2 protein chains.
Amino acid sequence: MPSAPRPPDLKLTGLIGTLRCAQLFSGLPAEDLTTVAGFIQAVSLGKDDYLFHEGEPSRGCYLVQSGAINVHRVNAAGKEQVIHVFRSGESLAEASLASPTGYPANARAVEPSTVLLIPKAPLLDLIGRWPDLALRMLGSMSAHLRVLVSMLDDLTLKDVETRLLNWLVKHARDTQDGVIHLRGTKRVLAAELGTSSETLSRTLARLRDERLISVDGKTIAVHDAGQLAAMLRHNLGEA
Amino acid sequence: MPSAPRPPDLKLTGLIGTLRCAQLFSGLPAEDLTTVAGFIQAVSLGKDDYLFHEGEPSRGCYLVQSGAINVHRVNAAGKEQVIHVFRSGESLAEASLASPTGYPANARAVEPSTVLLIPKAPLLDLIGRWPDLALRMLGSMSAHLRVLVSMLDDLTLKDVETRLLNWLVKHARDTQDGVIHLRGTKRVLAAELGTSSETLSRTLARLRDERLISVDGKTIAVHDAGQLAAMLRHNLGEA
DNA sequence: GGGCTGCCTTGATGTGGGTCAAAAAAAACA
DNA sequence: TGTTTTTTTTGACCCACATCAAGGCAGCCC
């Protein structure tokens, strides 16, 4: 886990910019922002480097500056279950701050990334001076809880086609033209859906053959979101 | 959701006792405890009464005083997925405090219960004056997160034999002689394990043929819990 | 007794999807 | 540019499990 040293002034300015954009710190008075920038540490990760492992005592929580961090568990059978992929501006591992048992999962960079480590002690200190921060952290954790809860929902959706439809419908809503751009590889998406890249490939092909979507590299175009949703409802209907 | 009015003085004393025992408030100075007791509201629930439903705007978070509250989701296919059963002293729905989308799940009393509603506004106010409370709430949420994460682990325990072994080992621990008495039919157990009664029957038969258990009606006798556990570990080992 | 009605068990069959293997396509690198 | 490396796609195969269907076995009540 190498950390690249950089000219402190430039670094500081960049950091403050990043912090200002993160929902965790937006609205924090400039002077506090500088304080925060003073105690955070930038960490550079190469692809597949681990940021932390399950059970390790918590050093603090993290803010993704660039790249993508895959948070996952390895279940007793040795299979990796993706919990969430965090991208720039998102914060992770808040849960570990107040937990005696260390990090609850593993975190690994899916691509070269830089992450800001926000050490535990000064952060807890800052909460005392700026209680609003606690609220934001609660908010952020409640979002994570929601992610987990929705994963549970997804996992109880039986077949891969249904899970993929669900994913497509959900993500097509975030765009206006129904064109979804994958940020990671398809293998990562497959893992997120709890399947293999082969099966994902086949399922996408099936939907393409039925003219419901078109796929080109990392771009998936949803032709008719309504139709997909109808198909999803239909799949759920018989159970 | 009827709330029973009671003599204010006695009520107050009882409340403060409850609060002092809850990990959320233990250690809070007596005067603050009184403040809290002043703004919380007791709610009495009959069996199967709902405390809140998914999506409802948050009134605040809750502390179970007596009884048991089942927090669950209903997934798209209409199946109810239990997230956790909260019992006296535990707090729930902290996540809803900082979330714009209301409660993330449903909560229903599994038996007659009394719950303390801690209204949102004054609680947020108290956090400002006593930041340690925020930490405790973070801690409590991180515990909830862990529960969810361990549920994920269970759901990914792939085959039925493994899930059944897991169930047997867990339940055999609650008895001294290793004899488990089913409370529902085998079909219900099958549903709990996420399989069909036929497959459960076959799997039980297999374990019986290997002399690991014996089955007679609603009674399952585990001959050697250690051996089952070893088998479970073995199943998990290769994958 | 002889019919019901549930639950459990066993057999036969079909299929979703995981895995191995290898070709095809894209990206990365020299 | 060609060459390696990674990703994606396809094909072949297999297995765990759901599902359908047919008996056993109880406990019922008439």
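This structure is a prediction, so every number in the text was calculated from the model and none was measured. Quick note on labels: first sequence line is chain A, next is B, and so on, each numbered from 1. Note that these values count all heavy atoms, side chains included, but never hydrogens, waters or copies made by symmetry.
One atom, CG of B:Leu204, and another, P of C:dT9, lie 7 Å apart when rounded to the nearest Å. The separation between B:Glu161 atom CD and D:dA16 atom C1' is 11 Å, rounded to whole Å. When the P atom of D:dT8 is taken as reference, atom CZ of A:Arg187 falls 7 Å away, rounded to whole Å. Residue B:Leu200 contributes atom CG, which lies 10 Å from atom P of D:dA18 at whole-angstrom precision. With rounding to whole Å, A:Lys47 atom NZ is found 9 Å from D:dT6 atom P. Taking atom NZ of residue A:Lys218 and atom P of nucleotide D:dT9, one finds them 10 Å apart after rounding to whole Å. One interatomic measurement links the two molecules: CG of A:Asp209 to C1' of D:dT9, which rounds to 13 Å at whole-angstrom precision. If you take CZ of A:Arg202 and P of C:dA24, they are 16 Å apart, rounded to a whole angstrom.
Residue A:Arg187 places its CZ atom among 12 or fewer non-hydrogen atoms of other residues, nucleotides or ligands, all under 6.0 Å distant.
Side-chain N/O atoms of B:Thr185 include none lying less than 4.0 angstrom from OP1 or OP2 on C:dC7. The phosphate of C:dG18 has OP1 or OP2 within less than 4.0 Å of a side-chain N or O from A:Thr195. For C:dC8, neither phosphate oxygen OP1 nor OP2 lies less than 4.0 angstrom from any side-chain nitrogen or oxygen of B:Ser201. Look at A:Ser197 and you won't find any side-chain N or O under 4.0 angstrom from OP1 or OP2 of D:dT7. In terms of phosphate contacts, B:Lys186 brings a side-chain nitrogen or oxygen within less than 4.0 Å of OP1 or OP2 of C:dT9.
Between the side chains of A:Glu161 and A:Thr203, no donor-acceptor pair of N or O atoms lies under 3.5 Å. A donor-acceptor pair shorter than 3.5 Å cannot be found between the side chains of B:Asp216 and B:Thr219.
Of the candidates C:dT19, D:dA18, C:dT10, the closest approach to any side-chain atom of B:Ala205 belongs to C:dT10.
Across all strands, A:Glu198 comes closer than 4.0 Å to base atoms (heavy-atom distances).
Residues B:His144 and B:Glu94 have side chains in contact (heavy-atom distance under 4.5 Å, counting atoms from C-beta outward).
Under 3.5 Å, the side chain of B:Arg206 and the base of C:dT9 form no donor-acceptor pair of N or O atoms.
The two atoms that bring B:Glu111 and B:Gly67 nearest to each other are OE2-CA, 3.6 Å, heavy atoms only.
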